[in-house]
Amino acid sequence: MPVKLVFLGKLADLAGVPTLDVAAPLDWAGLIAALPGPLGEAVQGDRVKLAVGGTVLADKTALDALDGNEVALLPPVSGG
Amino acid sequence: MPVKLVFLGKLADLAGVPTLDVAAPLDWAGLIAALPGPLGEAVQGDRVKLAVGGTVLADKTALDALDGNEVALLPPVSGG
Amino acid sequence: MAREVRLSEVAFDPAALTAAFAAAHPGHGALASFVGQVRGDDAVKALELSHYGPLTLAGMEALADQALARFDLLGLLIVHRVGEMRPGESIVLVAAAARHRRAAIEAVDYAMDHLKSDAWFWKRERRGGEWRWIEPRAEDHADLARWR
Amino acid sequence: MAREVRLSEVAFDPAALTAAFAAAHPGHGALASFVGQVRGDDAVKALELSHYGPLTLAGMEALADQALARFDLLGLLIVHRVGEMRPGESIVLVAAAARHRRAAIEAVDYAMDHLKSDAWFWKRERRGGEWRWIEPRAEDHADLARWR
């Protein structure tokens, strides 16, 4: 099974799709390589976080996603 | 016409009546003389204010109520 | 900008009044409200709020004007009950409509702090058959001092 | 102590929910609430709130627990809309019941500050046919920092 990327907020606009399957395992370098241009740049920004399987990573560069994991790409939030 | 004293809050309990007519004109000394015992003491307390004709006096000892005036005796407030 | 300030001699329905106030400010963005009720969790059987006609409503109107001047509001509603009431009955309702949330929330906070210890009301409660006059707590005075 | 936290995919009636919450806490003493709506006073034609299932509701529940731990509350209600909504529709409702007013008001203020810029929502608005993502204002971040 692949790793499923889920793009939230403006990252979904940049990706052009809400989700994207990429090969497992997936580390930080692999993620950036899989995301071309502005999307990859945005994801490297300080204010974008990653969650794997519903847990937010304290250090996104420590990404280590396995077969079947869902990786959410979380830009700055805005609610209320 | 007399001056009408209106007792609010706990001062009404001390007075035993909600209102009391006293002779006009009425100054501060006359007011204290008209209010015996605990009521007079309470009215002299820092936290009791006076209003004449709906206007609160900045200095209650400057009381100068005339015929027909209503003098309200206002203990500490509590609302909400 | 709507300012609505009332004394009520009878029980009022805070939900209905708040809904009507909200409806009177369509598209307001933010609506904060506060309802104070007679607490039902202790031995208090009744609460009585008295007021003084020549001062109380005029003082509430002045308070509302101060809140409208201080916070960026679209409208402000203050309703305060007077007379004798039972546990569960509403004593006071404040609602503020604004474009942004903190103006609305702060206006409600400000109005309540002033109604509690700087408005012309006198409150007593009945416990075990005895009426007792209530004065603001030290916290109430400290809360009020925040705005000075 | 009641904690009720919900995401709503459809329009909700804040007055009815607040009244039900109040009724569930008889004799509570103090009830503060806040309702945020899509503002109708500018060129915004629609607002869309998106969320992320594995994080959003759990994060709101954790926020409610933090508020309950921090303030002396009898109950807390948080309802947040997701999906696309029109001017005048409600986005968020927070209501807090407490024995004393400031706990209720502060809990609402706290919850709103966190929902605004520290909860898993993403907001965009449509103006003149164009969707635009919204980020919290500098004030929103400053408001949040008050609680740290």
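Below, read A as the first sequence line, B as the second, and so on, with proteins coming before strands; counting in each chain starts at 1. Just so it is clear, the model here is predicted, and its values are computed rather than measured.
When each of Pro87(C), Ala104(C), Ala30(C) is scored by its heavy-atom pairs under 4.5 Å with chain D, the top score falls to Ala30(C). Note: Ser33(D) leads Gly88(D), Gly36(D), Ser33(D) in heavy-atom pairs under 4.5 Å with chain C. Highest contact tally toward chain C, considering only Lys116(D), Met112(D), Arg102(D), is held by Arg102(D) [criterion: heavy-atom pairs under 4.5 Å]. Between chain C and the residues Val108(D), Val94(D), Val92(D), Asp113(D), the largest count of heavy-atom pairs under 4.5 Å involves Asp113(D).
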Checklist entry - Would Arg137(D) and His100(C) count as a side chain to side chain contact (heavy atoms under 4.5 Å, CB included) if you check the C-alpha gap in whole Å, the side-chain angles of each, and the deciding distance to 0.1 Å? => result CA-CA 11 Å; Arg137(D) 304 165 300 159; His100(C) 294 291; 3.3 Å; yes
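Only the backbone of Val38(D) comes within less than 4.5 Å of a heavy atom of chain C; no side-chain atom from C-beta onward does.
More than 12 non-hydrogen atoms from other residues, nucleotides or ligands lie less than 6.0 angstrom from CG of Asp65(D).
Interface residues of residues 10-23 of chain D toward chain C, defined by a heavy-atom distance below 4.5 Å and sorted by number: Ala15(D), Ala19(D).
Tested against Arg101(D) for a side-chain contact (heavy atoms from CB on, under 4.5 Å), the candidates Leu115(C), Asp109(C), Val35(C), Asp140(C) yield a single pass: Asp140(C).
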